[in-house]
Number of protein chains: 4
Amino acid sequence: MGEAAGTGRKSIGARRNPDSADAILDAAEAVLAEAGYSGFSIEAVARRARAGKPTIYRWWPSKAALLLDVYQRQKRVDVPDTGNLEDDLVGFLKNLFAHWRLTASGNVFRSLIAEAQSDSHAAAALAGYATGRRAHTGQVIERAKARGEVAPEVDAGIVADLIASYAWRHLLTNRLDEDQATLRTAVRYVISGISARRR
Amino acid sequence: MGEAAGTGRKSIGARRNPDSADAILDAAEAVLAEAGYSGFSIEAVARRARAGKPTIYRWWPSKAALLLDVYQRQKRVDVPDTGNLEDDLVGFLKNLFAHWRLTASGNVFRSLIAEAQSDSHAAAALAGYATGRRAHTGQVIERAKARGEVAPEVDAGIVADLIASYAWRHLLTNRLDEDQATLRTAVRYVISGISARRR
Amino acid sequence: MGEAAGTGRKSIGARRNPDSADAILDAAEAVLAEAGYSGFSIEAVARRARAGKPTIYRWWPSKAALLLDVYQRQKRVDVPDTGNLEDDLVGFLKNLFAHWRLTASGNVFRSLIAEAQSDSHAAAALAGYATGRRAHTGQVIERAKARGEVAPEVDAGIVADLIASYAWRHLLTNRLDEDQATLRTAVRYVISGISARRR
Amino acid sequence: MGEAAGTGRKSIGARRNPDSADAILDAAEAVLAEAGYSGFSIEAVARRARAGKPTIYRWWPSKAALLLDVYQRQKRVDVPDTGNLEDDLVGFLKNLFAHWRLTASGNVFRSLIAEAQSDSHAAAALAGYATGRRAHTGQVIERAKARGEVAPEVDAGIVADLIASYAWRHLLTNRLDEDQATLRTAVRYVISGISARRR
DNA sequence: AAATAATCGAGACGGTACGTCGGGTCTTGTC
DNA sequence: GACAAGACCCGACGTACCGTCTCGATTATTT
């Protein structure tokens, strides 16, 4: 996972040292994985990265900014393209939950959301990120629209919102091990509705 | 709102003083309202309530327990019963958002969720609370089922989950001012689906 | 010298814990003795005393205040009373230099003077202390006046100032090992003058 | 006072740029004058001089060395030659105090003494400087000896020491505004003594 | 004329210390 | 035995400087 080079990093002149940046992000991830959000402090990250606190503060103005960078370094979970909307969305949720569960990402993102509740910078950063992701997820809906699977007047953003909300709440309440049938049911409700008239 | 009695509370003998408990809960709510989650500390609550820190720790083992108590003291938002599921759910969301937006409740609940990300006791307490609320919301669905509005095989818990998730995410991302049309659209998707075949 | 009790001090209620105060003063003295003024930091004192920094700041608003307390805890060097002014003053300087040289006091006082050059609180504290000591030394002169050794119109404060100044400069320039003959000569100049007419 | 050239100094090739040296010494003096010793940092000097820190460290190995250079750039206070020892010495003290009080020199020298208490290089530099000055002041005594005013066996160094010590202590305890009568009295004690027999 | 070498400003680096805040524990004296 | 009060140790906060390093640019000296 990298750890800091044992022999000590130095400045490489009047510009950012990418080794330090990497070491700090690695350390942040490791601290979060080992000590959780409650043990996640700039102090601890600096210690682990063998970096000075000012170096961290220089590049990441807040804990949230650091968390966001850590999160964004992770591999993205992308939405499958099976030609069928339900499968796409179920697959996406399945992949996302697995990613969150099996890597540090889940904890990172949970922490980021928590941080955003007390830090407006974090809130802004998270909002920006969420918007981007919503557009991304929205594309699946648009694809389905193009295939004629989804009614053309449907607002893809709202649908993406419903799906993302469902994912967030599972993350925040430790339900990432939800069984696939339940996920599929939830997705199906959104796609087909629950109305008696229409089923 | 209560504030602490200016002249100082004393012990009332070898049992819990309910005035102190009230003063502490009042203070907690006030601190949260004025300083937000980031300014919410046991220290600040004690100061404001003119209470000793040990008095707080004696009765509430963690910040989360205190938050939960504060939240549960609040008036509940209940689901309207209009005879129409869509109106019921939209009304519920509307009321809930207004409640969260206009009282301290929103901040309290946000804080509770945030706290639950670093404190397993908080997480457990929140999970318990959420389960209770899910059942509560689920009843609306069951009523609609009874009216024949909703297909009988529908899992009310999952629907309640979708609705609650949507609400949570709006709370956590500062979107409690969502316009009503959007809420109605989201609810309609869950009820009627987005599939082209069925609209 | 005390060191901190290994098992940890606790609060003894809502009042100052004298054990902590002692441990902190002991630690301050030890740090100064071992690391000198440049290594003398509140941080280091806290570490050594196993005390929290806030505990130190609670009772000593500045490094200078702590230094002053440490210095005043030391045994005082008093002026001998031999019945002869020259012997009294030479004896005083000899004792003072030995005291400064052989105990931590010299370093403490040096540090205090240094600190006073950048901290006005320290300067005020030092000025107050110096005034007290000047009166003290002045008494030797007054005794000599009473014996008829010293002219009655002589300003004892100014004489004390000359002597103290001489001592300070030796302290500040690492000349505490000045040989006794030189001290005696200096004292003799002040008592008998250097004028050709009068010797 | 110079300030740094607004448009930026550059290297003038493979040798020391005297403009930079001047700018740094000017800046050091200005910082000391405006912020005092506590605000005197290499960082602040570099900022003010628009110089790189390594440029400072290249030429002055320590804060003390820089201070010493700043001090030595100042105009010297010389001892008057009135043909009368008392007037010479009183005049010297008067001039010295005025110089210290009215220019940055007083602060510079105070700082230098303070610095010498924690930095052995500074101590050595200061000792060297003091020795030089002592010889200088000693010449006044020697002149008086030559005139027959002072007994031939008197050690001019010790007398100079007494006078310089008196000056130092006034500097270090913020008493540069001492009235002239007091100075004269102190000088007179050293010259004529305080003994009853001889007055 | 080209290559070398030392200097310059700039500013990042790993660190240490600053002075403050809050956490959770403890004890005292009053009710 | 509960209460207000507040001290205790601890650890994190975000900032200021420390002294070192490396850069790219500049320019006098050497080839």
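Only heavy atoms go into these numbers, but all of them, side chains included; no hydrogens, no water, no symmetry mates. So that the names make sense, note that chain A is the first sequence line, chain B the second, and so on, each numbered from 1. Computed from a prediction, not measured in an experiment: that's the story for all the values here.
Here the P atom of nucleotide E/dG15 and the OH atom of A/Y57 are 17 Å apart, to the nearest Å. Summarising the geometry, the separation between CZ on B/R48 and C1' on E/dG22 is reported as 18 Å, rounded to the nearest angstrom. Nucleotide E/dC18 holds its C1' atom 15 Å from the CG atom of C/L66, rounded to whole Å. For A/E115 and F/dC13, the CD to C1' distance is 12 Å, given to the nearest whole Å. F/dC18 atom C1' lies 18 Å from atom CH2 of D/W60, rounded to whole Å. Rounded to whole Å, atom P of E/dT27 lies 13 Å from atom CG of C/D19. For D/E43 and F/dT20, the CD to P distance is 14 Å, given to the nearest whole Å.
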Find every protein N or O atom lying less than 3.5 Å from an N or O atom of nucleotides 11-14 of chain E, and list the pairs.
residue	atom	partner	partner atom	Å
E/dG11	N2	A/S11	OG	3.4
E/dA12	O4'	A/G13	O	3.3
E/dA12	N3	A/S11	OG	3.0
E/dC13	OP1	A/N17	N	3.1
E/dC13	OP2	A/R58	NE	3.2
E/dC13	OP2	A/W59	NE1	2.7
E/dC13	O3'	A/S20	OG	3.3
E/dG14	OP1	A/R9	NE	3.0
E/dG14	OP1	A/R9	NH2	2.7
E/dG14	OP1	A/S20	OG	3.1
E/dG14	OP2	A/T55	OG1	2.9

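Contact annotation: the side chain of B/L68 never approaches that of B/V108 to less than 4.5 Å [non-hydrogen atoms, C-beta and beyond]. Inter-residue side-chain proximity for C/V70 and C/D26 is flagged as unmet; no heavy-atom pair is nearer than 4.5 Å. Contact of the A/I56 side chain with the A/V45 side chain is registered, since non-hydrogen atoms from C-beta on lie closer than 4.5 Å.
Of the inter-residue distances, the one linking C/I24 atom CD1 with C/R48 atom CZ reads 13.5 Å to the nearest 0.5 angstrom.
Ring geometry for A/Y129 versus A/Y71: interplanar angle over 60°, hence perpendicular rather than tilted (30 to 60°).
The phosphate of F/dA12 (OP1 or OP2) has no side-chain N or O of A/K63 nearer than 4.0 angstrom. Within the 4.0 Å cut-off from OP1 or OP2 of E/dA17, at least one side-chain nitrogen or oxygen of C/R47 is found.
Residues C/I42 and B/P61 both approach DNA chain E. Their nearest nucleotides, taken by heavy-atom distance, put C/I42 toward the 5′ side. Place C/A46 and B/A46 on DNA chain F by their nearest nucleotides, and B/A46 ends up nearer the 5' end.
Distance alone, capped at 3.5 Å, is enough to place a donor-acceptor pair between the C/R110 side chain and the D/Q117 backbone.
Side-chain N/O atoms of A/Y37 and A/E115 include a donor and acceptor closer than 3.5 Å.
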